[in-house]
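Owing to the predicted nature of the structure, the values given are computational and were not obtained by experimental measurement. One-based numbering, in listed order, for ligands and for the atoms of each.
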Amino acid sequence: MLAKPTISDQAYDTLERELREIEAAHPELVTADSPTQRVGEKPSDAFPSFVHHVPMLSLDNTYNEEELREFETRIRKQVGDRPLDYMAELKIDGLSIALHYQDGQLVRGVTRGDGVRGDDVTPNVRAIRAVPLRLHGKHVPSQLEVRGEVYFPRSLFDALNREREKAGEELYANPRNTAAGTMKSLDARVVAERGLDVFLYSVAQVTGAAFPSQSRMLATLREWGFKTNPESRLCHGLDDVLAFLHEWQEKRESLEYDIDGVVVKVDDFALQRELGFTSKFPRWAIAYKYPARQATTVVEAIDVQVGRTGRLTPVAHLTPVLLAGSTVARATLHNEEEIARKDVRVGDSVVIEKGGDVIPKVVEVVLAKRPKASVAWTPPETCPVCGALAEKPEGEADRRCTNTSCPAQLEEALKHFARRDAMDVEGLGDTLATQMVQTGLVKDFADLYTLDYDQLLALLAPKNVKKESIAAKNLLAGIGKSKDRELKRLLFGLGIRFVGERAAMLLARHFRSLDAIQAATVDEIDAIYEIGPAVAASVRHWFDQEPNQTLVERLKAAGVRTEETGDAPASAAFQGLQFVLTGTLEGYTRDQAKAEIEARGGRVTSSVSKKTSFLVAGAEAGSKLDKATELGVAVLDEAAFREKLAEG
Ligand code: IVH
């Protein structure tokens, strides 16, 4: 809870588990400030926004000592030669947060947002162990808003990335962005698991307490149970501040968290009030930013990595160089346009920079050092992993591997294929999909249909053989059942670029088999009502790839249905009509109503506009009904909808 925990994390976990057990047996004993209440059990839908009682401002920045001296000169003009103490605090590179307490209880946690309005992320804030749910001490204020910085401890961040690497997942770029992303998680358990931490450094509002200075305020926050940064130092004059700055510029790598500078604050609150604010910043504080950490080294090779979506990312392999406390041997080059813009070549000396990011980037080429024989880098035309064509569509920065069977892409692709709204392979979740690809059992979608009971059982790694054997049987049945899904689901599941559920439905309805699509020209595809040229080109392109043709053949051979077996569309009576569904219908679920409309060639959209032909309004229709009335859109109640369906 404080900077120095009195017990180990392991001991904490054991105690917490015991408490959970007691509370489970005696729910009447659970209090709002029990540590077990830190983590909400269920993810919420979204965060309500909250208007800050006092705007969350940021600070003016300086990058050198001269500007820091000017800062003091400006202050001196106003305060004369009275003694001037400063609080020097590390500038934590995280995300700012406001914590609200009423009568000593945590009631709300809000992100900075745009400074005026933030997200109310109370459940996530409660999941941060260092945030006290209840304040300690004798003189706990009745109202309090404290502010500080949430951060991702480096060691935990590194551990998380190591895990992700093992799991073949994309690495997180840096602790700050990951902390920010984590705080936006709709599941507070993620926040708790990841171990975010916090330092508090200011009081925005307080009733029932007062402080004479920043240093005394920080001391009081600690008494109440808040974690403040232990390195903060009261400096008597600017020279002390400069010593602090230099000291931490050297030592910053030894910290458990990233800092991007030092915040210098006039300590005395009476003086702070006298100095006041400019239109944007307080006059009594300034942020001294450390320079970006740069080094020069040589590009030994340029390598291309393939991401989950088939995206090709060029990476520079460098002569290892020490940068900001670690040895750097690789730097991202983002994409080929970026390489071209900077004209980075193998053999070049380059300036690399570590911002807040784990992966350093190449800033510029030192042209004076370019070897005579150097040649410009050319992007690969084939995927370095699978050898399939790698293409860069007009107007896009990225080149992509065109082969859905590419192992680098397959994992994500398989998850998509198995999704409920695609092939709906019961029992095949994300983790299993990953395992299937990583163990080499599945190299393309068709392999899924070759797996037998023993292979699945081995994959499920039976601890409890009985349970797992049932799971293996169920999964086998789930895979089997998915062979008979409608064509539109298969088309969607294949993951063809730009082919979402709707395009898949239109293609399936029009062509009625994969073979027919395979035989169609771009123009024929493009001619389908509502299919645009980008979709048409992408579909044609996908079927032109040899590995995809093989895949289609193998799917067919495995018994996967690739044809529409039902009747041809009932009619085209609703062709060109747009429907919006709202409220609850008695006779139809949303999906059924949608299917009925689409079977008649109509289209269902989510919001009412002037283009809407009919609003189908069931019971308890809300704002959409108001909107439709306002725009003069025809409204069908359930009976009228039924009649309309009968017409077509
Ligand atoms: S004081 C009126 N103290 O740096 C603003 N800020 O631009 C008061 N930060 O957004 C901010 N460590 O999120 C203050 N010890 C510290 C800080 C700190 C990090 C962040 C804060 C703010 C930005 C300043």
J.: Output the set of protein residues with a heavy-atom contact under 4.0 Å to ligand 1, ordered first by chain identifier and then by residue number.
T.: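 Residues near ligand 1: L57, S58, L59, E89, L90, K91, I92, S96, E149, Y201, V263, K265, P282.
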J.: When L196 is tested against each of N124, V150, I97 for side chain to side chain contact (heavy atoms under 4.5 Å, CB included), which residue passes?
T.: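 Among the candidates, only V150 passes.
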J.: Which residues pass the side-chain hydrogen bond (donor to acceptor under 3.5 Å, both in side chains) test with K392, sequence neighbours left out?
T.: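 K392 satisfies side-chain hydrogen bond (donor to acceptor under 3.5 Å, both in side chains) with E337 only.
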J.: My understanding is that only residues two or more places apart in sequence, or in another chain, count here; which of them pass salt bridge (charged side-chain N to carboxylate O under 4.0 Å, His left out) with K91?
T.: D260
J.: Using the side chain to side chain contact (heavy atoms under 4.5 Å, CB included) definition, which of the options Q249, E253, E247 pairs with K251?
T.: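 For K251, the side chain to side chain contact (heavy atoms under 4.5 Å, CB included) test succeeds with only one of Q249, E253, E247, which is E247.
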J.: Is the shortest distance from a Lys or Arg side-chain nitrogen in E274 or R82 to a carboxylate oxygen in the other one below 4.0 Å?
T.: yes
J.: Restricting to pairs with a member in residues 55-79, which pass salt bridge (charged side-chain N to carboxylate O under 4.0 Å, His left out), not counting sequence neighbours?
T.: none
